[in-house]
Amino acid sequence: MSSSASPTRQVDGVQLPSAGTWKVDPGHAEVGFVGRHFMLTKVRGRFTGVEASVEIGERPEDSRVTAVIDMASVDSGDKTRDDHLRSGDFFDVEKHPKAAFASTSVTWQGSKGKMTGDLTIKGVTRAVTLDVDYLGYARDPWNNDRAVFSAHGKVNREDWGLTWNMALEAGGILVSKEIELTLEIETIREG
């Protein structure tokens with residue numbers, strides 16, 4: 001249940017979530033990715049096992065995000081592809097079952113921001129920058145305060161040692177190196 005303090009506040013004329021801890025609702029969180037197959041077709045996938053929290057700072061730029069992703073929860077809609085993604089060719093979930101993200105800096109203007117953080121996959125940590133949008137606030141039917149965010153960014157998968165690929169006879173490669181990350185997140189204010 002939410003506390004009696006207001007769940008939102010005005011910052012520079014924009015309504016934002018109040019400072020405090022907002023836990024990510026795993027049932028309403030999607031950590032997705034988009035890559036290219038044959039350098040043409042978009043292939044989409046997501047991770048369904050996500051645990052995360054958002055610490056909203058008094059100043060928005062003092063906010064922090066931490067997340068742990070169950071790499072075995074990858075779902076691209078194709079069992080054969082998902083099994084390949086879980087294998088040693090990609091995520092190697094037997095040796096590296098979890099990925100993690102911890103923000104290191106935030107800039108904020110109005111309802112938009114940029115968040116940079118350390119993303120660790122297969123024991124390799126690299127900085128990632130995401131564009132973040134605060135989409136708004138809602139109170140659910142169970143009297144929980146929810147803040148909703150969207151984020152996206154691009155990474156080169158090879159930066160994390162995810163280098164498996166095949167050369168195509170006509171030129172190019174089977175799987176794109178550039179991967180688009182997409183996040184749709186509902187958070188619940190902790191009382």
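A quick note: this is a predicted structure, and the numbers were derived from the prediction, not measured.
To the nearest 0.5 Å, atoms CG (Asp25) and CD1 (Ile188) are separated by 4.0 Å. The CD atom of Glu186 sits 12.0 Å away from the CD atom of Glu30 when rounded to the nearest 0.5 Å. Going from atom OG1 of Thr182 over to atom NE2 of His152 covers 10.0 Å, rounded to the nearest 0.5 Å. To the nearest 0.5 angstrom, Asp145 atom CG is 8.5 Å from Thr8 atom OG1. One distance of note links CZ of Arg81 with CG of Asp75; it measures 9.5 Å at 0.5 Å rounding.
Counted by atom type alone, Thr21 and Glu190 present zero donor-acceptor pairs between their side chains at under 3.5 Å.
Annotation for Gly123 and His96: closest pair N-ND1, 3.8 Å, computed over non-hydrogen atoms. Considering every non-hydrogen atom in both Leu162 and Glu158, the closest pair reads O-CG, 3.8 Å. Residue Leu135 comes nearest to Ser150 through the heavy atom pair CD1-CB, 3.8 Å, listed as atom of the first residue, atom of the second, then distance. Residues Gly113 and Trp108 approach most closely at CA-CE3, 3.4 Å, considering heavy atoms. Scanning both residues, Pro60 and Val11, for their nearest heavy atoms gives CG-CG1, 4.1 Å. A pairwise comparison of heavy atoms in Thr116 and Ala127 identifies CG2-CB, 4.5 Å as the closest pair.
Open room surrounds CZ on Arg44; 12 or fewer heavy atoms of other groups in view lie less than 6.0 Å from it. Heavy-atom neighbours of Asp83 CG from other residues, nucleotides or ligands within 6.0 Å: above the threshold of 12. The local environment of CD in Glu94 is sparse, with at most 12 non-hydrogen atoms from other residues, nucleotides or ligands closer than 6.0 Å. Applying the 6.0 Å contact sphere to CD of Glu51 captures no more than 12 heavy atoms from other residues, nucleotides or ligands.
For the pair Ser76 (side chain) and Gly45 (backbone), a donor-acceptor distance under 3.5 Å is absent. Listed for the Ser73 side chain is a donor-acceptor partner under 3.5 Å among the backbone atoms of Gly49. Listed for the Arg86 side chain is a donor-acceptor partner under 3.5 Å among the backbone atoms of Ala72. Between the side chain of Ser103 and the main chain of Met115, no donor-acceptor pair closer than 3.5 Å is present.
Pairs engaging residues 115-135 under the ring-ring contact (aromatic ring centres under 6.0 Å, His included) rule: Tyr134-Phe149 [sequence neighbours left out].
Inter-residue side-chain proximity for Ile69 and Met71 is flagged as met; some heavy-atom pair is nearer than 4.5 Å. With contacts defined as side-chain heavy-atom distances shorter than 4.5 Å, the pair Arg9/Gln15 does not qualify. Counting only heavy atoms from C-beta outward, the side chains of Ser63 and Ile56 approach each other to under 4.5 Å. At a threshold of 4.5 Å between non-hydrogen side-chain atoms, the residues Val74 and Phe33 count as touching.
Using a 4.0 Å cut-off between charged side-chain N and carboxylate O, Asp92 and Lys122 make no salt bridge. Using a 4.0 Å cut-off between charged nitrogen and carboxylate oxygen, Asp82 and Lys79 do not count as a salt-bridge pair.
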Side-chain atoms of residues 173-180: list all donor-acceptor pairs with protein atoms under 3.5 Å, sequence neighbours left out, distances to 0.1 Å.
from: Ser176; atom 1: OG; to: Arg36; atom 2: N; distance (Å): 2.8
from: Ser176; atom 1: OG; to: Glu178; atom 2: O; distance (Å): 3.0

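Both Phe101 and Leu181 are assigned to one and the same hydrophobic cluster, defined by single-linkage of ILVMFWY side chains at heavy-atom distances under 4.5 Å. One hydrophobic cluster, built from ILVMFWY side chains closer than 4.5 Å, holds both Tyr137 and Val24. Note on Val132: it clusters hydrophobically with Val128, by side-chain heavy-atom contacts below 4.5 Å among ILVMFWY residues.
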TODO: Kindly indicate, with the supporting measurements, whether the criterion side chain to side chain contact (heavy atoms under 4.5 Å, CB included) is fulfilled by Lys114 and Asp131.
DONE: CA-CA 5 Å; Lys114 284 197 180 289; Asp131 293 313; 2.3 Å; yes
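Remark: Val68 pairs with Lys98 by the side chain to side chain contact (heavy atoms under 4.5 Å, CB included) rule, at least two apart or across chains. Residues satisfying the side chain to side chain contact (heavy atoms under 4.5 Å, CB included) test with Arg126, not counting sequence neighbours, are Val124, Asp159, Trp160. Applying the side chain to side chain contact (heavy atoms under 4.5 Å, CB included) test to His84 and every residue at least two apart in sequence or in another chain returns Ser87, Asp89, Phe90, Trp164. For Asp133, the side chain to side chain donor-acceptor pair (under 3.5 Å) partners are Lys112, not counting sequence neighbours.
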